[in-house]
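Okay, structure first, notes after.
Every value quoted in this text rests on a predicted model; they were computed, and no experiment measured them. Quick note: residue numbers are just sequence positions, from 1.
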Amino acid sequence: MTREALQSALSLFSAQERRILLLCFFGQKTQAEISAAVGVPEEDVRQIIEHTLSRLHAELVVTT
């Protein structure tokens with residue numbers, strides 16, 4: 001996987017989805033902390049993470 005492929009795949013997500021992923025994986029924040037930071041319920045954060053990771057995986061499989 002190249003950096004360009006990852007950047008291209010991430011560009012398909014909304015700003016909120018990208019922010020949640022960044023807080024989760026690079027900011028090492030908990031779902032509760034992310035929920036407070038972005039102003040959405042914790043359950044929605046969990047679902048957004050699951051959904052965006054699934055979409056990201058599918059996109060990267062297609063492009064690589």
Side-chain angles (χ1 to χ4, degrees):
M1 168 177 45
T2 65
R3 182 181 204 107
E4 293 81 23
L6 181 57
Q7 286 177 332
S8 177
L10 287 173
S11 72
L12 301 173
F13 300 133
S14 71
Q16 183 182 49
E17 290 168 328
R18 287 192 305 271
R19 183 172 183 213
I20 288 171
L21 287 180
L22 289 172
L23 288 170
C24 181
F25 293 102
F26 295 102
Q28 300 177 349
K29 302 294 183 189
T30 66
Q31 290 179 5
E33 291 170 324
I34 296 168
S35 172
V38 298
V40 299
E42 192 172 340
E43 178 62 23
D44 290 351
V45 168
R46 183 190 64 77
Q47 290 175 349
I48 290 168
I49 291 169
E50 288 178 4
H51 188 246
T52 54
L53 287 179
S54 177
R55 288 174 43 211
L56 181 61
H57 178 263
E59 182 65 28
L60 291 174
V61 167
V62 170
T63 60
T64 56

- So do the side chains of L56 and F13 get within less than 4.5 Å of each other, counting heavy atoms only? yes
- Item | Under the side-chain hydrogen bond (donor to acceptor under 3.5 Å, both in side chains) test, residues paired with E33 that sit two or more places apart | T30
- Message: Using the side chain to side chain contact (heavy atoms under 4.5 Å, CB included) criterion, which residues pair with A36? Sequence neighbours excluded.
- Response: none
- Residues which pass side chain to side chain contact (heavy atoms under 4.5 Å, CB included) with S14, listed by chain and number, not counting sequence neighbours: Q16, E17
- How many angstroms lie between CD in Q47 and CD1 in I20, if you round to the nearest 0.5 Å? 11.0 Å
- Does any non-hydrogen side-chain atom of L23 lie less than 4.5 Å from one of V45? no
- Query: Closest heavy-atom contact between I49 and C24?
  - Reply: CD1-SG, 3.9 Å
- Task: Might you point out which heavy atoms bring R19 and V38 nearest each other, and give the distance in Å?
- Result: NH1-CG1, 3.7 Å
- Query: Do any N or O atoms from the side chain of S8 and from the backbone of A5 form a donor-acceptor pair under 3.5 angstrom?
  - Reply: no
- Message: According to side-chain hydrogen bond (donor to acceptor under 3.5 Å, both in side chains), who are the partners of R46, at least two apart in sequence or on a separate chain?
- Response: E43, E50
- Item | Pairwise distance CD(Q31) to CG(D44) - rounded to 0.5 angstrom | 11.0 Å
- Can you name the nearest heavy-atom pair linking L53 to F25, along with the distance? CD1-CZ, 3.7 Å
- Task: Give the minimum heavy-atom separation between S35 and P41, together with the two atoms involved.
- Result: OG-C, 3.6 Å
- Query: Sequence neighbours excluded, which residues qualify as side chain to side chain contact (heavy atoms under 4.5 Å, CB included) partners of L12?
  - Reply: E59
- Nearest heavy-atom contact between L60 and A9 is CD2-CB, 4.0 Å
- Do T52 side-chain atoms and I48 backbone N/O form a donor-acceptor pair below 3.5 Å? yes
